[in-house]
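Sequence positions, counted from 1, serve as the residue numbers for this chain. Whatever order the structure lists them in is the order used to number ligands and atoms, beginning at 1. Owing to the predicted nature of the structure, the values given are computational and were not obtained by experimental measurement.
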Amino acid sequence: MAQPTIKKAVFPVGGLGTRFLPATKAIAKEMLPIVDKPLIQYAVEEAVEAGCTDMVFVTGRTKKSIEDHFDTAVDLEIELQAKQKTTLLDIARNIIPSSVNCSFIRQSHPLGLGHAILCARPIVGDEPFAVLLPDDMVDHKTGCLQQIVDVQRQTGGSTIAVDEISADNITAYGVVSVDNTESNPMRVRHIVEKPPRTTAPSNLAVIGRYILQPKIFPILEKTGRGAGDEIQLTDAIAVLAQQQQVHAFRFDGIRYDCGSKLGLLKATVGYAMKHPELADEFRKYLNSL
Ligand code: UTP
């Protein structure tokens with residue numbers, strides 16, 4: 001039987017973004033641009049492409065610009081209209097399709113990703129939902145969320161996107177233990193947050209795209225602080241995997257870790273090289289260096 005479509009997408013954007021200080025002292029990390037669009041807009045576009053119609057942002061201090069970005073900017077529109085800058089007016093007006101609904105919930109203390117997801121419970125309710133971490137970007141003709149939605153439709157349960165990560169970097173991620181690394185999707189047996197290199201169960205790290213069943217909420221309520229003294233989504237998924245099916249899926253595409261400076265720079269170069277207005281000039285510039 002076909003699984004119901006995923007309508008709600010949660011964007012946990014309550015983190016402090018300390019790796020980008022001082023840039024993130026007063027503005028949201030998720031508003032940092034890749035060429036001409038903020039990270040959060042790429043993530044919302046990916047969710048819209050995957051069929052989501054309700055965007056739920058779990059925000060915190062410094063995140064007001066995210067609300068403003070998805071709201072109407074009346075003064076800007078009047079100004080652009082008066083100057084007959086119609087292309088720019090279209091861009092400012094069409095950040096998201098009018099049929100898409102945005103809700104904002106404040107995470108009063110940044111207690112961790114798991115806590116941020118729990119904050120979304122009153123809006124998500126009792127249905128499966130998507131989670132997108134905007135600082136993870138995947139460049140592919142089919143968005144990463146669409147890919148895992150397609151997989152989840154077949155498998156049911158929960159699905160998380162995973163990527164192969166080098167042994168040096170694996171300690172920064174949630175890492176899965178799966179039944180068969182040759183298959184795709186793979187049934188998750190266990191998952192552990194930031195394991196020491198020597199005990200990491202595989203080289204498959206969770207990246208910021210999930211489809212979760214609402215059963216995660218009562219588990220999160222009971223999840224104590226884990227790695228980094230934060231309430232970790234990974235720890236709750238480990239419990240979920242004992243109760244229901246959780247699958248890991250190796251997605252297609254190039255993944256950029258835009259939560260790090262190097263990742264943000266790589267994404268900027270990658271997207272600039274494909275940008276219709278910039279690609280040729282930018283390539284020439286890079287070659288000239
Ligand atoms: P990160 O681990 O990247 O943390 O969070 P961060 O605070 O954003 O950045 P650094 O490490 O200080 O530079 C992963 C995701 O979880 C969200 C973040 O906003 C990011 O999307 N998050 C994290 C929350 O929403 N709330 C939290 O309490 C912690």
Applying a heavy-atom distance cut-off of 4.0 Å, which protein residues contact ligand 1? P12, V13, G14, G15, L16, G17, T18, R19, K29, E30, Q107, P110, L111, G112, L113, A116, L133, D135
Please list all pairs passing the salt bridge (Lys or Arg N to Asp or Glu O under 4.0 Å) test where one or both residues lie in residues 236-254, with sequence neighbours left out. E164-R250
Which residue pairs pass the salt bridge (Lys or Arg N to Asp or Glu O under 4.0 Å) test when at least one of the two sits in residues 263-280, sequence neighbours left out? D139-K274
Any I191 side-chain heavy atom under 4.5 Å of V206 side chain: yes
Write out all pairs satisfying side-chain hydrogen bond (donor to acceptor under 3.5 Å, both in side chains) with one or both partners inside residues 106-134, taking only residues at least two apart or from two chains. K8-E127, Q107-H115, R121-E221
Should E281 and K284 count as an ion pair when the cut-off is N to O under 4.0 Å? yes
Pairing donors with acceptors under 3.5 angstrom, does anything connect the side chains of S166 and N169? yes
